[in-house]
Protein chains: 2
Amino acid sequence: MSDDEPDTDQTFHHAERFSRARAAQAVALLEDYAEMIGDLMAEAGEARVADIAARMGVTHPTATKAVARLKREGLAVSRPYRGVFLTEAGQTLADHVRARHRIVVDLLIAVGVPTETAELDAEGLEHHVSTQTLAAFKQYLDTSRRGD
Amino acid sequence: MSDDEPDTDQTFHHAERFSRARAAQAVALLEDYAEMIGDLMAEAGEARVADIAARMGVTHPTATKAVARLKREGLAVSRPYRGVFLTEAGQTLADHVRARHRIVVDLLIAVGVPTETAELDAEGLEHHVSTQTLAAFKQYLDTSRRGD
DNA sequence: GCGGAAATATAGCCTTGGCTTCATTGCTGT
DNA sequence: ACAGCAATGAAGCCAAGGCTATATTTCCGC
Ligand SMILES: [Mn+2]
Ligand SMILES: [Mn+2]
Ligand SMILES: [Mn+2]
Ligand SMILES: [Mn+2]
């Protein structure tokens, strides 16, 4: 700084903000994989690595690596050459993520975003929506549905 | 899949969505650094690595590496032991990112998110807001400001 | 002018999350 | 029963983005 630091606390707030965004991003992949594995189990009865990879738009080894991380974090289990299954914790996460995803899409649509665009943007957006923001979204959808 | 692939195109749409989210994330850091360097130049007349690192909440070598990537992408220039400067392209990006950031914060507040929370979440959210969504946000803010 | 402190650069390490290539296993049809 | 193909696993490469530790340069006060 050119002068004697009149903005030390502002700098701190900036740092805090970026730090939170990085933290959110760090769990984004786990969230998406958990949600998707839950979807596949519900739709097809099982979640195979090949299906996971296809839906994520990545190669099988990449999906396998992600599954390994899920297992390490206690969110999934799997036996060699068998499918992938969510643990209790994984299922809970999947359900939460799915619900949040839907609310984010609905809010985007409610404020005028085209449906297709809302679906696309929500996939990245959702991971940065805090519980407070999610609550505000719910409230908004509720009151705007009621009184129109 | 258990049966003969009735959802091939749905799988494709999923993959497309995740692919877009990954692409957005890949440029998020460049966007934040560009915006911040622009801010520092406007506020202090120059952007030093130490200040950039402090605001990003990161160590100096990390900031230096990010600046190296900015230079590689043609968004910034710098001479050893001197400050960092945005190129024409970098300045354009910074301005665009700053404007988008503000609109995202404003929209969050407009739908009922507490101000402080809006500031925090926007830092991560913004990078996944497409031009279509941004346009919808602008429109919403405009009409809700006009007719209340 | 110079010496010490602060800023900057450099080197090297780690994890994440992509990829390709190749080995191994499972499944399925004849 | 088994041959061959599909699915999975294993190994190893790369870039991004974080870190620590150390070297170098600049700057400022005296
Ligand atoms: Mn997502
Ligand atoms: Mn999602
Ligand atoms: Mn940001
Ligand atoms: Mn921002």
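Note: hydrogens, waters and symmetry copies are ignored here, and every other heavy atom, side chains too, is used. No experiment lies behind these values; they were computed from the predicted model shown.
- As rounded to whole Å, 14 Å separates atom P of D/dG17 from atom CZ of A/Phe18.
- If you take CZ of B/Arg82 and P of C/dT8, they are 11 Å apart, rounded to a whole angstrom.
- Taking side-chain N and O atoms only, A/Thr59 has a distance below 4.0 Å to OP1 or OP2 of C/dC19.
- Hydrophobic clustering keeps A/Leu107 apart from A/Val97 (ILVMFWY residues linked when any side-chain heavy atoms are closer than 4.5 Å, directly or through intermediates).
- Of all nucleotides listed (C/dC27, C/dT10, C/dG18), C/dG18 comes nearest to the side chain of B/Arg22.
- Residue A/Leu70 contributes atom CG, which lies 10 Å from atom P of C/dG17 at whole-angstrom precision.
- Taking CG of B/Leu125 as the reference point, atom CG of B/Leu108 lies at 6.0 Å (rounded to 0.5 Å).
- Considering only the side chain of A/Thr62, C/dG18 comes nearest among D/dT8, C/dT16, C/dG18.
- A donor and an acceptor atom, one from each side chain of A/Glu31 and A/His127, are located under 3.5 Å apart.
- Remark: C1' of C/dG17 and OH of A/Tyr33 are 8 Å apart, rounded to the nearest angstrom.
- Side-chain proximity of A/Arg69 to the nucleotides C/dA7, D/dG17, C/dG17 is greatest for C/dG17.
- Contact annotation for A/Pro80: backbone-only contact, meaning every heavy-atom pair under 4.0 Å involves sugar-phosphate atoms and none involves a base.
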Stepwise side chain to side chain contact (heavy atoms under 4.5 Å, CB included) check, A/Leu75 with A/Tyr33: CA-CA 10 Å; A/Leu75 297 168; A/Tyr33 272 88; over 6 Å; no
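- Nearest-nucleotide positions on DNA chain C for A/Leu29 and A/His60 put A/Leu29 closer to the 5' end.
- Proximity note for B/Arg48 (side chain, C-beta onward) versus C/dA9, D/dC19, C/dA7: the nearest is C/dA7.
- The side chain of A/Thr64 has D/dG9 as its nearest neighbour among D/dG9, D/dC19, C/dG18.
- With distances taken from any side-chain atom of A/Lys65 to the nucleotides D/dT20, D/dG12, C/dA9, the minimum falls on D/dG12.
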